[in-house]
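Everything numeric here is computed off the predicted structure, so don't read it as measured data. Counting convention: from 1, in listed order, for ligands and their atoms alike.
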Amino acid sequence: MRTKTKNGTTNNNPIGIFDSGFGGLTIMSAINEALPSESLIYFGDTAHVPYGSKSKSIVIKYSKEITSFLIRYKVKLIVIACNTASAFALPILKKTLKVPVIGVIKSGSKAAVFASKNKRIGIMGTEGTINSKSYLREINKISICEVYQQACPLLVPLVEEGWNDNEIADSIVKKYVEPLLEKQIDTLVLGCTHYPLLRNILKKNVGEKITLIDSAKATAREVRNVLNKKYLFANLRNKNFLKFYVSDNPNKLKIIGSRFFSKKIFDVKKIEMSC
Ligand code: DGL
């Protein structure tokens, strides 16, 4: 459902999306599904992944360099598809870039507040995301809620290994969700790009009554709202393209990335980063 273009004007420039590695492809996939006429450029910083255990200053440095790369492609909007980079770099990128910038935390927080009836919300994320308290702040800007956070550093390597649904994943997920379940949460935010791939095992451990919030769809909705508000939709007859760049190991994005993107990725280019 597209709504307005100002006096029929459209903008066929691409949308830039970036993440620390493969995980942001879940967000790209949701955007591609929701807005099939849009061209998308993805950058995965595979030379520096993971961001989740790194300091704020280094994640900001990487994010700035990636966005300068994306800007060279005349992107009309940038999506920070990584929770950790959204937590650390969104405020500064919003201030310094001329194009609109969207992170994943606000959309996930909105969806969580909307879903929760008892206003007790759990957040799972990387160490960086949890220590930044970004979800906690965003949620409490929208509504007063009890927010319980849990850093889950073992889950990213587990998913990248493809161990999404075995007994090891099951016992690790159980250990992480137990303290949240004790707090009687009714909504659980999957505050990391990789966790949607653990959906089955998470569902098994938290039960049917707890709503799982995956920010991919919520972020795609936010992208649509911004394009709509700023008259930036691509023409429906746009010959759209999808491009993939990484800072290391293009083949790995083709192999592992296809699991996150839910489609085969054929062409990936490597870009040298200076930092
Ligand atoms: N993309 C990161 C996130 O959503 C997870 C992987 C990493 O630690 O770099 O926080």
Enumerate the atoms of ligand 1 whose separation from the nearest heavy atom of [X] is less than 4.0 angstrom.
X	answer
P50	7 (C), 8 (O), 9 (O)
Y51	7 (C), 8 (O), 9 (O)
C192	3 (C), 4 (O), 5 (C)
D19	1 (N)
V49	9 (O)
S20	1 (N), 2 (C), 6 (C), 7 (C), 9 (O)

Q: Answer yes or no: is there an ion pair linking E222 with K110, defined by an N-O contact shorter than 4.0 Å?
A: yes

Q: Before accepting this row, confirm whether a basic side-chain N of the pair E33/K263 lies closer than 4.0 Å to the acidic partner's carboxylate O.
A: no

Q) Between V104 and ligand 1, which residue portion shows a heavy-atom distance shorter than 4.0 Å: side chain, backbone, both, or neither? A) neither

Q: Have a look at ligand 1 and work out which part of N83, if any, has a heavy atom under 4.0 Å from it: side chain, backbone, both or neither.
A: both

**Q.** K175 atom NZ, over 12 foreign heavy atoms within 6.0 Å
**A.** no

Q) Would Y245 and Y73 satisfy ring-ring contact (aromatic ring centres under 6.0 Å, His included), going step by step from the backbone distance to the final call? A) CA-CA 12 Å; Y245 295 94; Y73 282 87; 5.6 Å; yes

Q | Protein contact of atom 2 (C) of ligand 1 - nearest heavy atom, named by residue and atom, plus distance | A | C82 SG, 3.4 Å

Q) Which residue supplies the protein heavy atom nearest to atom 10 (O) of ligand 1, what is that atom called, and how far is it? A) T84 OG1, 2.6 Å

(Q) Name the residue from F88, Y51, F18 that meets the ring-ring contact (aromatic ring centres under 6.0 Å, His included) definition with Y62. (A) Y51

**Q.** ring-ring contact (aromatic ring centres under 6.0 Å, His included) between F244 and F261, intermediate numbers included
**A.** CA-CA 11 Å; F244 300 88; F261 193 51; 5.5 Å; yes

Side-chain donor-acceptor distances from residues 177-188 under 3.5 Å, at least two apart:
| from | atom 1 | to | atom 2 | distance (Å) |
| --- | --- | --- | --- | --- |
| D186 | OD1 | S116 | OG | 2.8 |
| D186 | OD2 | K117 | N | 2.7 |
| D186 | OD2 | N118 | N | 3.0 |

Q: Start with the C-alpha distance between H194 and F22, add both sets of side-chain angles, then the distance that settles ring-ring contact (aromatic ring centres under 6.0 Å, His included), and finish with yes or no.
A: CA-CA 8 Å; H194 289 54; F22 319 116; 7.4 Å; no

Q: Would you check the N or O atoms of G52, main chain and side chain alike, for any that come under 3.5 Å of an N or O of ligand 1?
A: yes

